[in-house]
2 protein chains.
Amino acid sequence: MSHATQEIAPAGGRFERAGIDKFEARRAELADATLATLGELGLARTSLREIAQKTDFSHGVLHYYFRDKVELITFGVRRYKEHCVTRYDAIVAESPDAATLSGRFAHALVATLLDDTAMHRLWYDLRTQAMFDDALLPTVVDLDRQLEEMVWRVVSRHAELADTRVALSRAGAYAVFDGLFEGALQRHLAGDTTATGRLRDDAVVLLTRLMVAPTS
Amino acid sequence: MSHATQEIAPAGGRFERAGIDKFEARRAELADATLATLGELGLARTSLREIAQKTDFSHGVLHYYFRDKVELITFGVRRYKEHCVTRYDAIVAESPDAATLSGRFAHALVATLLDDTAMHRLWYDLRTQAMFDDALLPTVVDLDRQLEEMVWRVVSRHAELADTRVALSRAGAYAVFDGLFEGALQRHLAGDTTATGRLRDDAVVLLTRLMVAPTS
DNA sequence: GGGATTCCTTGACAGTTGTCAAGATCGGCA
DNA sequence: TGCCGATCTTGACAACTGTCAAGGAATCCC
């Protein structure tokens, strides 16, 4: 029984000893090449042959490790986003007051925009395509929810530190910061060198402005 | 001399009398079919043959009226967005106070989300693809600027009516409302029936919260 | 009516895509 | 060593794409 069969029909048990590790390692390797290509070219222009060209293998191997293109892409994106959704947790945990939190948060936003530009671009591409392709929807909805939680941890902690409450819904709080970030990313990619500076300033202002006196 | 040659090399003068109107009318007709198809399938899945299938003509006619796919798409999107970028101007002009303005604005946001769902989805698709494809960038940057102006007219008028100033940058103000709208659109398309209600509430809150006491 | 021009269709082209089957190659175990 | 399964390559497939040339059909003007 081949690994491929096991993975594609995961109902089967795992009889292998060390082979699983090797199999999963190869999957991860191919998924990383997938992410690199997707971030560079976008979902529409990325072909399996182009992904394989970024590895030491030929294009056929992708169908040995993944059922089809959708599984390859979703596996890769899920793998990456796992590292993202806790990105600000240290800041949330360690900031002593509201002003420090907002400043560090804004700084981290700018930092990841500059460091992981291609990956963020890929994420927005994927999320937009999910509006047309239901096959991508489960992955996107799931990750979006995690990102919403991540932002909410920042926003609600800020409210806590400032002894206020948040004026927007959970989804709304995520949406406004996401919009701020997406806008800055787009301008940055279009050559606007002032985009990241504005992002930092606007993020601080916005976080402060979303706080409102507690009702109780 | 054919129309096509004239249009493709617009340096030439216009020798025709009534032909121009007919030519432009046909272009508009084909552009509308293009928009309908793009809104339904998305940029990646829309082929010229599929667009033509939505008209009474065959696929070859598209290359008679448009140089290539990019010109067809950008022409269509520009044509549509011209009707959008003044969408809230009547509200801005006629609202007597800040509360009325914010309420009507939020209502209009929800209304266009529901009425023009496919077109907004298409716009976000196009804007995202422009992050990967420079051929789309000029059109997207241009329209984005117009949308930014449109939102700014609402926000700055609201500040004026409330005798306050806006706490965010122009780009930031646009970005947060755009994020709110895009998030609601995505959730609406994913089947979340509460998305539009939250959009309305969040928009009112956000518009109010962006106002800050004047410095002078 | 007839010729010229505009408009539109047809069919083909070269290239690309996801998918998969057949077989080569590698690695470990007997 | 020789076998066998896991791994990988190769080549092909059918479908699809944007583009365009050749020609039919419609229309207009004299």
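Since the model is a prediction, treat every value here as computed from it, not as a measurement. Throughout, a chain's letter reflects where its sequence line sits, starting with A, and its residues are numbered from 1.
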Tell me the interatomic distance from Asp68(B), atom CG, to dC20(D), atom P, rounded to whole angstroms.
8 Å

Which residues, if any, of residues 39-56 of chain A bring a heavy atom under 4.0 Å of DNA chain D?
Arg49(A), Asp56(A)

Step through the shown structure and confirm whether more than 12 heavy atoms of other residues, nucleotides or ligands are within 6.0 Å of CZ on Arg145(A).
no

Return the value, rounded to whole Å, for the distance between atom NZ of Lys69(A) and atom P of dT17(C).
8 Å

Under a 4.0 Å N-O cut-off, is there an ion pair linking Glu50(A) with Arg45(A)?
no

Separation of dT7(D) P from Lys22(A) NZ (nearest whole Å)
8 Å

Establish, from distance only, whether the side-chain atoms of Tyr174(B) and Asp144(B) form a donor-acceptor pair under 3.5 Å.
yes

Assess whether a salt bridge exists between Arg170(B) and Glu149(B), defined as any Lys/Arg side-chain N lying under 4.0 Å from an Asp/Glu carboxylate O.
yes

Interatomic spacing from CG in Leu38(A) to CG in Leu72(A) - rounded to 0.5 Å
7.5 Å

Between C1' of dT17(D) and CD1 of Ile73(B), the distance in whole Å
13 Å

Between dC20(C), dT9(D), dT19(D), which one does the side chain of His59(A) approach most closely?
dC20(C)

Arg67(B) side-chain N/O to dG18(D) phosphate OP1/OP2 under 4.0 Å:
no

Are the aromatic rings of Phe181(B) and His120(B) close, with centres under 6.0 Å apart?
yes

For Arg127(A), which of Asp133(A), Asp142(A), Asp178(A) qualifies under salt bridge (charged side-chain N to carboxylate O under 4.0 Å, His left out)?
Asp178(A)

Strictly below 4.0 Å: does Tyr65(B) bring a side-chain N or O up to OP1 or OP2 of dC8(C)?
yes

Atom CD of Glu71(A) to atom P of dG18(C): distance rounded to whole Å?
15 Å

Spacing of Phe57(B) atom CZ relative to dG11(C) atom P, expressed in whole Å
19 Å

Nearest whole Å is fine: how far is dC13(C) P from His63(B) NE2?
18 Å

Within this structure, what is the CZ-to-C1' distance between Arg27(A) and dT7(D), rounded to whole angstrom?
15 Å

Tell me whether the side-chain N/O atoms of Tyr64(A) come closer than 4.0 Å to OP1 or OP2 in dC8(D).
no

